[in-house]
Amino acid sequence: MNQNINIKLTDQKLNLQDCYAWIQDPTCGGISIFVGTVRNTTQQKKVNKLDFSAYSPMAYKEMQTIAERALKQFAIKKILIHHAEGLLNIGEIPVIIAVASAHRNAAFEACQFAIDTLKETVPIWKKEYFDDGEVWVNSHP
Amino acid sequence: MNQNINIKLTDQKLNLQDCYAWIQDPTCGGISIFVGTVRNTTQQKKVNKLDFSAYSPMAYKEMQTIAERALKQFAIKKILIHHAEGLLNIGEIPVIIAVASAHRNAAFEACQFAIDTLKETVPIWKKEYFDDGEVWVNSHP
Amino acid sequence: MTNEEQIKYSHMKIKLLFFGITQDLVGNHTVDLNIDNTISVAELKSELFERYPNLNKFPNFAMAVNEHYANEDTLVNDKDIVAVIPPVSGG
Amino acid sequence: MTNEEQIKYSHMKIKLLFFGITQDLVGNHTVDLNIDNTISVAELKSELFERYPNLNKFPNFAMAVNEHYANEDTLVNDKDIVAVIPPVSGG
């Protein structure tokens, strides 16, 4: 276990203050945080809610891999990746990524790398619910 | 007054949750937050505390200018810039910048633009206190 | 199929997991599958398209073997867990 | 200096604000300064270096007139507020 990595996949609400409390560090001057939130529209269509499902054990591994790569590639001290599972309403938080570093550029770069990679590799799927039906995102047959 | 801009210069503690509550928006899917924190060392020297002083009316204007430029240059919806004044201890927060946008890249870019520009243009000065004295940062005669 | 082959067949069992749209197309999240030999992911894919013709509606999925992304040549062995991974959309 | 110039001189007053290290070097945060004419920022700077020789220890400061960054040619008029802005270090 790397004490500078904090990974969580949970059906509880994500908590920004908890993430900040973990990431902040007396040796770090810059913290970059990305918060993903559920938008009320997608491609001009009103979204009512989202449902996130995950292949949990693999999702943990892939998030861990992202964190390890970020610690290796960027001059950062700590990284946190929290993702929610289950039903989320508009404005709720599917994902929080937080990175702490001595100097801010590394934190920004690592944070952006982590969310970009998460969206490519971590086995989590999002179903969007509209007034007239539902659809798996990125999976239109 | 632009309702999508939130500027503050205060001698009170900055509050991340308050910033998040203001920035989050049902039309936005991505929020990029930068939190500056007081590091315990600078150039291998132990720092005890920092003192921030500002030319307040001009600092407000410059922060407002940064926010307006960010809203113009990047596809973002809202931007918040909060800066603290007075004595801060290690781990405390001199600055929080938060940006909300429909898509995340614009939020990241605008957030980084805002903190980079703030550090160049906003008339705020930082004095570092060491065991053996104090020094104005960036101002060694 | 000879008797010998049938015996061998019954000895190798893998677990298939379907996620996202593939779960809907197949109608199941978990399927136990007997295989007659160690096979490649490519071979297993062909088998899946035969068993679940609906999967042809969304053929561009990835596969994971034992919680790691696999490529076409990755071998699938007895007791492996094989996941069908449509394009992810977390975050 | 003629009497007329002295009268004119006393009619124009600007407020100087010193920040950061320049406040320490000058020993004051706020100084009221009488000027005899509208002058440029460049001219005012020379005046400041004469009045406060300590400022030569840290000459690379910017100036703001009425809360906006000024350049060397910016004119300073009666009742203006002129700030001496050493390199900023917020954030």
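Residue numbering restarts at 1 for every chain, and letters A, B, ... go by the order of the sequence lines.
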Fill in the blank from the handout: The single option from A/V35, A/I93, A/I96 that satisfies side chain to side chain contact (heavy atoms under 4.5 Å, CB included) with B/I31 is A/V35

Problem - Min side-chain heavy-atom separation A/E92-B/Q24 under 4.5 Å - result: no

Practice task
Taking all heavy atoms of B/N105 and all of A/Q112, pick out the closest pair and write down the distance.
Solution key: OD1-NE2, 3.1 Å

Handout entry: Contact check, side chains of A/T41 and B/T27, non-hydrogen atoms, under 4.5 Å
Key = no

Practice task
Among the options B/C111, B/A98, B/P94, B/A100, pick out the one with the most heavy-atom pairs lying under 4.5 Å from chain A.
Solution key: B/C111

Problem - Aromatic ring proximity, centroids under 6.0 angstrom, A/F34 and B/F108 - result: yes

Practice task
Flag the pair A/D116 and B/R104 as a salt bridge only when some basic side-chain nitrogen lies within less than 4.0 angstrom of an acidic carboxylate oxygen.
Solution key: yes

Practice task
Against chain B, label A/Q17 side chain, backbone, both or neither, depending on which of its atoms sit under 4.5 Å from a heavy atom there.
Solution key: both

Completion exercise
Separation between CG (B/L16) and SG (A/C19), nearest 0.5 Å, reads 9.5 Å

Handout entry: Engaged part of A/K119 at the chain B interface, taking heavy atoms whose separation is under 4.5 Å
Key = side chain

Practice task
Please answer whether the main-chain N or O of B/C28 pairs with a side-chain N or O of A/T37 as donor and acceptor at a distance below 3.5 Å.
Solution key: yes

Problem - Region of A/A102 that comes under 4.5 Å of a non-hydrogen atom in chain B - result: both

